[in-house]
Amino acid sequence: MTSLEKLAQDPRVTVRRGGTHDSDGRCVVYWMQRAQRATDNPALNLAIRAANCLQKPVVVFFRLAPRSIHANLRHYHFMAQGFRDLALDLNRKKIGFVLRRAPEGNVAAFSDEVRPCLVVGDENPMKESEDTKDVIASRLRVPFWTVDADVIVPSRLLSKEHYAARTLRPRIKAHLEQFLVPFTKTAPRVPWKDSIKSKPVGDAAQILDGFSLDRSVQPVFGFVGGPREAQKSLDRFLRDRLKGYAIQRNRPELDGTSQLSPYLHFGHIGPHRVALAVKNSQAPRADRDAFLEEFIVRRELAINFVRYNPRYDRVDCWEPWANRSLTQHAGDARKPRYTEKQLEWAETHDPLWNAAQKQMVLTGWMHGYLRMYWAKKILEWSPSPKAAYETAVWLNDRYELDGRDPNGYAGIAWAVVGKHDRAWGPERQVFGKIRYMSYESTSRKFDSKTYIDRIRKLER
DNA sequence: ATCGGCTCGCGCAA
DNA sequence: TGCGCGAAGCCGAT
């Protein structure tokens, strides 16, 4: 086995197209999709190691494609804000960076131009992304490997869909000693020579100027995209909010959570960086443990769900008990009932729900605790569980900066169809045995008045 | 303020 | 085959 072949033995690596590399090739291409960063990126590290084996340079290729139906200007703007950091960081490492927009060609066409020895990609468990990788694998003429770069424990090692956090937790923990460790630094030995012309990377507006995409949702100002901003956001969390996290994370009026989800979604920061920083911090044990439970066990449970359950974005991802119970209550009267538009415009009778909806629409981010309440009320007020699931997914994917992310689907599945949860009694209207959350007790658990007032101020 | 019951099924011990 | 226990709750009794 050559040292190049040994690289493919890493449990993070999936060989999408096998065979031997093109020894006449001129470089290694890293086709970047999800892990949009130059540090703590195992996919980039693998590309560098492969290139060093072959004595070739590395070039990163990224293509903007308006493919995903729910991605809009808000998402593209945040993403595009990250490209300048990325270009700078890659340039400093002597790695090429080629950014193209559809209808310019995809990575297969790019490969015809630069003739790589092999192509490396990163992973994303969403179906559209998997389908694209299959298409690319069939069109490339060189090996194509992908790397599971945005989880601590490579999802393949978990081998199947797990039933709940309690069944996944021991398996994750068993792997942490091996995988929750810093990456060894790797630098390319052969610098990329700018033989392929790529336009200089401008600001987000320039990158997106004239690009065909859904512009019906505006960018937000509270979150600025990119690895630099992601690191600042992590630093603020470690400094100001990790201490006390165990208690304050479920207090939406305090914003006690990390607020890193937009950055994690676009890979502007990697999970190893975050988890190791928290693990090694001086914060009390209980706070570190609470964060790492959310950040590793529950986040990777969501990823496990999306990776192994093809129905993750549909109501029929439900377990048999939930299907039975919701079907039995299909004929229950829904009172009140709101249309999708009423929900979108936050026109319900419930001030807490309206505030949560407005927080999402105006800031691109809703507090995690309220995401649960928000989705459960959509079930309560929609004509059917199917309609509720579709509405929640639609709103989430349209307005959250971290829309179209496993966390969103798993959260909605938990709230609406009891995914990863259990049956709860006593049975009630509409919900059946799905866990219920009431306005009265939810708004008493934290200072909901302060939260609602704060959101109201955003509207001005 | 705190407690138990509600209710299901996985995964492990036996 | 039996048993313990679980992603975020609710309600009523004490």
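Just so it is clear, the structure is predicted and the values come from calculations on it, not from any experiment. Each chain gets a letter, A, B and so on, in the order its sequence line appears, and its residues count up from 1.
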Discussion item. As a test of understanding, state which of A:Arg249, A:His367, A:Arg454, A:Gln248 forms a side chain to side chain donor-acceptor pair (under 3.5 Å) with A:Asp255.
Written reply: A:Arg454

Discussion item. Between A:Phe97 and A:Phe62, is the ring centroid distance below 6.0 Å?
Written reply: no

Worksheet entry | First-last contacting nucleotides on DNA chain B - partner chain A, under 4.0 angstrom, heavy atom | B:dC6 to B:dC12

Worksheet item: With sugar-phosphate meaning primed atoms plus P, OP1 and OP2, does A:Trp414 contact a base, only sugar-phosphate, or nothing at under 4.0 Å between heavy atoms?
Response: base

Worksheet item: Is the phosphate of C:dA7, meaning OP1 or OP2, less than 4.0 Å from a side-chain N or O of A:Lys419?
Response: no

Fill in: Residues within residues 373-385 of chain A bordering DNA chain B, heavy-atom distance below 4.0 Å
none

Worksheet item: Counting any heavy atom closer than 4.0 Å, what does A:Arg249 reach on the DNA or RNA strands: base, sugar-phosphate only, or nothing?
Response: nothing

Discussion item. Does A:Arg299 reach a base, just sugar-phosphate, or nothing at all? Heavy atoms under 4.0 Å.
Written reply: nothing

Worksheet item: Taking only Watson-Crick and G-U wobble pairs with both distances under 3.5 Å, what dot-bracket line describes DNA chain B, where [ ] shows pairs that cross earlier ones and | shows pairs with another strand?
Response: ||||||.||||||.

Fill in: Side-chain donor or acceptor of A:Arg37 paired with backbone N/O of A:Gly267 under 3.5 Å
yes

Worksheet item: Taking only side-chain nitrogens and oxygens of A:Lys445, does any of them come within less than 4.0 Å of OP1 or OP2 of C:dC10?
Response: yes

Item to complete: Tell me whether the OP1 or OP2 atom of C:dG9 has a side-chain N or O from A:Ser441 closer than 4.0 Å.
Response: no

Worksheet entry | Side-chain donor-acceptor contact under 3.5 Å, A:Tyr76 with A:Asp214 | no

Discussion item. Over all strands shown, is A:Arg444 touching base, sugar-phosphate only, or nothing at heavy-atom distances under 4.0 angstrom?
Written reply: nothing

Worksheet entry | Atom of A:Trp374, atom of A:Met360 and distance for their closest heavy-atom approach | CZ2-CE, 3.8 Å

Worksheet item: Between the main-chain N or O of A:Gly121 and the side-chain N or O of A:Arg34, is there a donor-acceptor pair closer than 3.5 Å?
Response: no

Discussion item. Say we look at C:dC10 and B:dG9: how far apart would their P atoms be, to the nearest angstrom?
Written reply: 23 Å

